[in-house]
Each structure stands twice: as C-alpha cells, then as structure tokens.
Asks: 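Dropping the structure in here first, questions after.
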Amino acid sequence: MYRPPETARSRPPRPPQSAYDARLSISSPLADTQFYQPGTLLALAILVLPVAVTLGLAALALQIGRAVPLWLPFLALLWLPAVPLLWLLMQSARTTAIGIAVARPWRTWTQLRWDDIQRVDQRGMVMHISGRGETLVLAPRLLRDGARLRRQILLRLPPHALSLHLSREAEGILSSQISMLPDGGVAGSLVARPQARYVVSLLAAAFALCTAAGLALWSIATAPALIAGVAAAGLLALVCLAGVLWLAQQLSLDEQEITITRVLAFPRRRVYAWNQLKVIEYTPNKALLRLRDSRTRTLCAGPHLFDSEQATILWALIQTHAREHEVLIIPRRRLPS
C-alpha cells in the first residue's frame with residue numbers, strides 16, 4: 001500500500017532535548033580525531049634526571065676525595081630497572097566522535113565507545129575509565145594538552161557515569177561556558193590558574209641552585225671567590241621560590257568584576273569592579289598584567305601563563321569588558337614600579 005512521504009507537518013514532534021544531549025552538543029569536537037602525546041616535562045625528566053644525578057655525584061666526589069670513583073659512571077645503569085615504570089608512564093590518548101582510546105609504545109590501541117563507558121573515577125593523578133569489561137587508565141596531567149582531554153571526558157559523559165568529585169567539576173565547567181556576542185565579543189565567566197609547568201620549572205631551578213651552592217661550600221677555603229657564587233646561587237633560589245609563591249594565584253572574571261585570589265601570599269584577595277577599573281597594562285608577551293583603579297594597583301598573571309584555550313578566552317573577556325566600561329588597555333615594554 002502506498003504511503004505518502006513524511007513532511008515537516010506530518011512528522012511527529014521531536015521530544016525536548018535532555019541535559020545529556022546538551023552536553024554532547026556543547027562538547028562536540030571540531031575535528032574527528034585528536035591525539036594527546038606525553039608532555040615535554042615527562043620527556044625531559046626521563047632524559048635529564050639520570051645524567052644530572054651522575055654529574056652531581058661526580059662533582060661531590062671531586063670535592064670530597066679529589067677523584068672520581070671508577071664505579072661512578074656505572075651508576076647510570078641503575079636507571080635501567082626503572083625503564084618498565086617509565087614505559088607505563090609513556091602513554092598516549094586518542095579521542096574521536098565515537099570513543100576514547102589509549103596506547104603505550106609498541107602496543108595496539110585499546111578503545112571504549114562513549115556510550116559504553118559506565119564509570120569514571122579519579123585516584124590521585126590517574127583516571128580510571130571502565131565499561132564493558134575494559135578499563136582504561138590514563139594520567140591527563142602527564143599528556144600534552146591534558147587539561148583539554150580532561151574537559152572533553154567530563155563534558156562527553158553523563159553525570160551518573162562520573163564520580164561525585166568529577167561530576168561537580170563537570171557542572172562547574174558547564175556553568176562557565178562562554179558565548180559569542182554579535183559584535184564579535186564574548187560573554188560569560190572564567191576561573192583559571194597559571195599552568196603547573198611554570199611552578200615545576202621554578203622548583204627545579206631552586207633545587208638545582210641549592211644543590212650547586214651546597215657543593216660549592218666544600219671548596220670555599222681554597223677558592224674565596226666561590227663565596228660570591230654561593231651567595232648568588234642562594235639569592236636566585238630565593239627568587240625562584242618567591243616566583244612559586246606568586247604563581248599560586250587564581251584569576252576570576254565575570255560581567256561585574258575581576259578577582260585575583262592568592263593562595264600563599266598577601267593580600268589574599270583583590271577585587272576590581274569593571275566600572276571602577278581605570279587602566280590595564282600588559283607586557284609584550286602578555287605574561288604579566290597590572291590592574292589599576294583610582295587607589296590601588298595589582299600585578300597578576302597574564303594570558304601567556306595559562307593554557308592556550310584559557311588564554312584566548314581570558315584575553316577576549318578582558319577586551320570585551322574593557323571596551324564596554326571604557327577601560328584603557330596599554331602595552332608596556334616593562335611594567336613600571
């Protein structure tokens with residue numbers, strides 16, 4: 001029996017979109033496949049750590065015994081038992097519109113479909129993704145663009161598949177979505193912190209300087225000039241530690257105000273309303289910002305210190321709100337005191 005084709009009027013109405021469908025539409029990737037490789041910090045640690053330990057012990061042996069033991073060069077061979085552990089850390093991830101997959105060197109990809117994932121738990125730095133008898137274990141922080149991978153996982157999965165902590169984090173991400181304005185600006189809110197790699201780099205530099213100063217103390221009696229070197233190394237180590245304390249901050253922006261919250265420094269919280277802010281100054285690479293109103297001024301982290309996605313959104317929000325409230329944005333070769 002012939003049936004006429006369905007038309008827009010004869011087609012049954014589509015049910016209202018669920019919250020889960022909204023998550024899928026918000027988090028749909030622009031590209032079909034995205035790869036996440038091990039980060040540069042992990043690779044540098046694997047390559048540099050054994051050499052640095054061997055050279056440090058050699059320098060210490062020269063200061064104490066005036067000779068390097070014959071067995072010391074073979075100390076680097078003790079790094080070989082740690083190779084299996086390093087192989088476990090050298091992990092890559094791949095996401096598509098269908099699912100997520102993980103693999104280690106010389107291994108095939110283990111994949112789970114998004115619809116088959118039943119549970120996601122966070123245990124320290126490691127994320128466990130389970131479904132249909134398979135469990136994917138990955139550490140997003142050790143991967144390049146790991147924060148982006150973490151957000152993609154949280155936004156693609158329904159709340160009942162996430163642990164309580166991850167579900168709250170996903171809700172926080174959804175509540176801070178950015179929308180585009182007709183004039184090309186952006187609207188919304190953003191809460192961001194500087195990337196952890198800068199803190200790790202400063203801590204590593206402070207440790208290296210303190211180690212160098214300690215090794216130099218052994219020869220102060222024979223080389224008085226080393227006193228200045230030890231003092232300089234100690235001063236630089238203190239500068240690095242001060243940088244770590246300064247980077248422990250959080251930047252919050254919305255339509256009413258911009259807030260700088262410091263975790264380990266004072267003042268702990270400084271709030272600038274957009275309608276009272278006068279000038280925003282920034283360095284050429286946008287690593288530092290200085291906010292000024294009629295009474296106070298505050299130096300804070302700039303877009304360059306955040307990850308690429310947050311940096312783009314942060315600078316777009318600053319330009320949009322500054323234009324609305326007639327706040328001057330001035331580039332500086334260096335920020336004046």
Asks: Taking side chain as C-beta onward, heavy atoms only, is Ser189 less than 4.5 Å from Ser252?
Replies: no
Asks: Please determine whether side chain to side chain contact (heavy atoms under 4.5 Å, CB included) holds for the pair His321 and Glu255, giving the CA-CA distance in whole Å, both sets of side-chain angles, and the decisive distance to 0.1 Å.
Replies: CA-CA 7 Å; His321 294 313; Glu255 297 179 355; 4.0 Å; yes
Asks: Evaluate Leu291 against Ile260 for side chain to side chain contact (heavy atoms under 4.5 Å, CB included), listing each step before the verdict.
Replies: CA-CA 10 Å; Leu291 311 180; Ile260 301 99; 3.4 Å; yes
Asks: Is the count of non-hydrogen atoms from other residues, nucleotides or ligands lying under 6.0 Å from Phe207 atom CZ greater than 12?
Replies: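 Counting neighbours around CZ of Phe207, 12 or fewer heavy atoms of other residues, nucleotides or ligands fall under 6.0 Å, so no.
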Asks: Between Thr283 (side chain only) and Leu288 (backbone N and O only), is there a donor and an acceptor less than 3.5 Å apart?
Replies: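 Judged by distance alone, yes, a pair lies under 3.5 Å.
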Asks: Measure the shortest side-chain to side-chain distance between Val137 and Thr135 over non-hydrogen atoms and say whether it is less than 4.5 angstrom.
Replies: yes
Asks: Heavy atoms only: give me the nearest Thr298-Arg270 pair and the separation to one decimal.
Replies: OG1-NH1, 3.1 Å
Asks: Strictly distance-based, threshold 3.5 Å: is any side-chain N or O of Ser167 a donor or acceptor partner for the main-chain N or O of Ser163?
Replies: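 No, the answer is negative, given that no donor and acceptor are paired below the 3.5 Å cut-off.
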Asks: Got Val191 and Gln250 here, is their nearest side-chain heavy-atom distance under 4.5 Å?
Replies: yes
Asks: Between NE2 of His325 and OG1 of Thr320, what distance do you get to the nearest 0.5 Å?
Replies: 10.5 Å
Asks: Test Glu326 against Trp274 for side chain to side chain contact (heavy atoms under 4.5 Å, CB included), laying out the working first.
Replies: CA-CA 9 Å; Glu326 298 182 353; Trp274 287 108; over 6 Å; no
Asks: Taking atom CZ of Arg119 as the centre, does the number of heavy atoms from other residues, nucleotides or ligands within less than 6.0 Å exceed 12?
Replies: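 Yes, the 6.0 Å shell around CZ holds more than 12 heavy atoms from other groups.
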Asks: Residues two or more places apart in sequence or in another chain: which of them pass ring-ring contact (aromatic ring centres under 6.0 Å, His included) with Tyr282?
Replies: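 Testing Tyr282 for ring-ring contact (aromatic ring centres under 6.0 Å, His included), a comparison that skips the adjacent residues, returns Trp315.
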Asks: State, with a plain yes or no, whether a side-chain heavy atom of Arg268 is found less than 4.5 Å away from one of Thr261.
Replies: no
Asks: Applying side chain to side chain contact (heavy atoms under 4.5 Å, CB included) between Ile280 and each of Ile330, Val327, Leu328, report the one that passes.
Replies: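 Testing Ile280 for a side chain to side chain contact (heavy atoms under 4.5 Å, CB included) against Ile330, Val327, Leu328 leaves exactly one candidate, Val327.
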Asks: Just wondering, do Leu247 and Leu305 contact through their side chains at under 4.5 Å, heavy atoms?
Replies: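 Sidechains of Leu247 and Leu305: in contact.
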Asks: Is the backbone of Trp246 close enough, under 3.5 Å, to the side chain of Gln249 for a donor and an acceptor to pair up by distance?
Replies: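 Pair found, side chain donor or acceptor close to backbone of Trp246.
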Asks: Please report the interatomic distance CZ(Arg150) to CG(Leu155), rounded to the nearest 0.5 Å.
Replies: 11.5 Å
Asks: Let me confirm one number: the CZ-CZ distance from Arg292 to Arg297, rounded to the nearest 0.5 Å.
Replies: 5.0 Å
Asks: Are any of the side-chain heavy atoms of Leu138 and Leu149 separated by less than 4.5 Å?
Replies: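 Yes, close enough: below the 4.5 Å cut-off.
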Asks: Which pair of heavy atoms, one from Leu202 and one from Gly243, lies closest together, and at what distance?
Replies: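 Closest approach of Leu202 to Gly243, heavy atoms only: CD1-C, 3.7 Å.
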Asks: Does a side chain donor of either Ser130 or Gln118 reach within less than 3.5 Å of an acceptor in the other side chain?
Replies: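 No donor-acceptor contact under 3.5 Å links the two side chains.
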Asks: Is it true that Asp116 and Arg132 have a side-chain N and a carboxylate O under 4.0 angstrom from each other?
Replies: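 Salt bridge between Asp116 and Arg132, a charged N being under 4.0 Å from a carboxylate O: yes.
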Asks: For the residue pair Thr259 / Tyr272, report whether a side-chain donor-acceptor contact shorter than 3.5 Å exists.
Replies: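 Side chains of Tyr272 and Thr259: no pair found under 3.5 Å.
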Asks: Quick one: CG on Leu277 to CD on Glu257, what's the gap to the nearest 0.5 Å?
Replies: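 CD of Glu257 is found 11.5 Å from CG of Leu277.
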Asks: Take a 6.0 Å sphere around CD1 of Ile98 and say whether it holds more than 12 heavy atoms from other residues, nucleotides or ligands.
Replies: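 No, not enclosed.
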Asks: Taking the side chain as every heavy atom from C-beta outward, state whether Pro303 and Leu289 have any atom pair closer than 4.5 Å.
Replies: yes
Asks: Going hydrophobic residue to hydrophobic residue with side-chain gaps under 4.5 angstrom, can you get from Leu236 over to Leu241?
Replies: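 No.
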Asks: Taking Ile313 as the starting point, is it possible to reach Ile329 by hopping between hydrophobic residues whose side chains are less than 4.5 Å apart?
Replies: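 Yes; Ile313 is reachable from Ile329 via cluster members.
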Asks: Quick one: closest heavy-atom pair of Trp109 and Ser92, and the distance?
Replies: CZ3-O, 3.8 Å
Asks: Evaluate side chain to side chain donor-acceptor pair (under 3.5 Å) for Arg295 paired with Gln276, printing each intermediate quantity in order.
Replies: CA-CA 10 Å; Arg295 295 180 298 176; Gln276 298 178 355; 5.6 Å; no
Asks: Test side chain to side chain contact (heavy atoms under 4.5 Å, CB included) on Met125 and Leu142 and set out the steps.
Replies: CA-CA 9 Å; Met125 294 179 57; Leu142 298 181; 3.9 Å; yes
Asks: Rounded to the nearest 0.5 Å, what separation is found between the NZ atom of Lys286 and the CG atom of Leu314?
Replies: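 Nearest 0.5 Å value for the NZ-CG distance: 11.0 Å.
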Asks: Going from CD1 on Ile100 to CD on Gln111, what distance comes out if it is rounded to the nearest 0.5 angstrom?
Replies: 9.5 Å
Asks: Do Leu136 and Val126 sit in the same hydrophobic cluster, where Ile, Leu, Val, Met, Phe, Trp and Tyr count as joined when their side-chain heavy atoms come under 4.5 Å apart?
Replies: no
Asks: Is there side-chain contact between Cys240 and Leu209, with at least one heavy-atom pair below 4.5 Å?
Replies: yes
Asks: How far apart are the closest heavy atoms of Ile153 and Met127, and which atoms are they?
Replies: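 In this case the closest contact between Ile153 and Met127 is CD1-SD, 3.9 Å.
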Asks: Examine the side chains of Tyr36 and Gln152 and answer whether a donor and an acceptor come within less than 3.5 Å of each other.
Replies: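 Looking only at side-chain atoms, Gln152 and Tyr36 do form a donor-acceptor pair, the distance falling under 3.5 Å.
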Asks: Ignoring hydrogens and geometry, is there a side-chain-to-backbone donor-acceptor pair from Gln195 to Phe306 under 3.5 Å?
Replies: yes
Asks: Can you tell me if CZ on Arg104 sees more than 12 non-hydrogen neighbours from other groups inside 6.0 Å?
Replies: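 Above 12, so yes.
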Asks: In terms of hydrophobic clustering (I, L, V, M, F, W, Y; side-chain heavy atoms under 4.5 Å; direct or indirect links), are Val244 and Leu299 co-clustered?
Replies: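 Shared cluster, yes.
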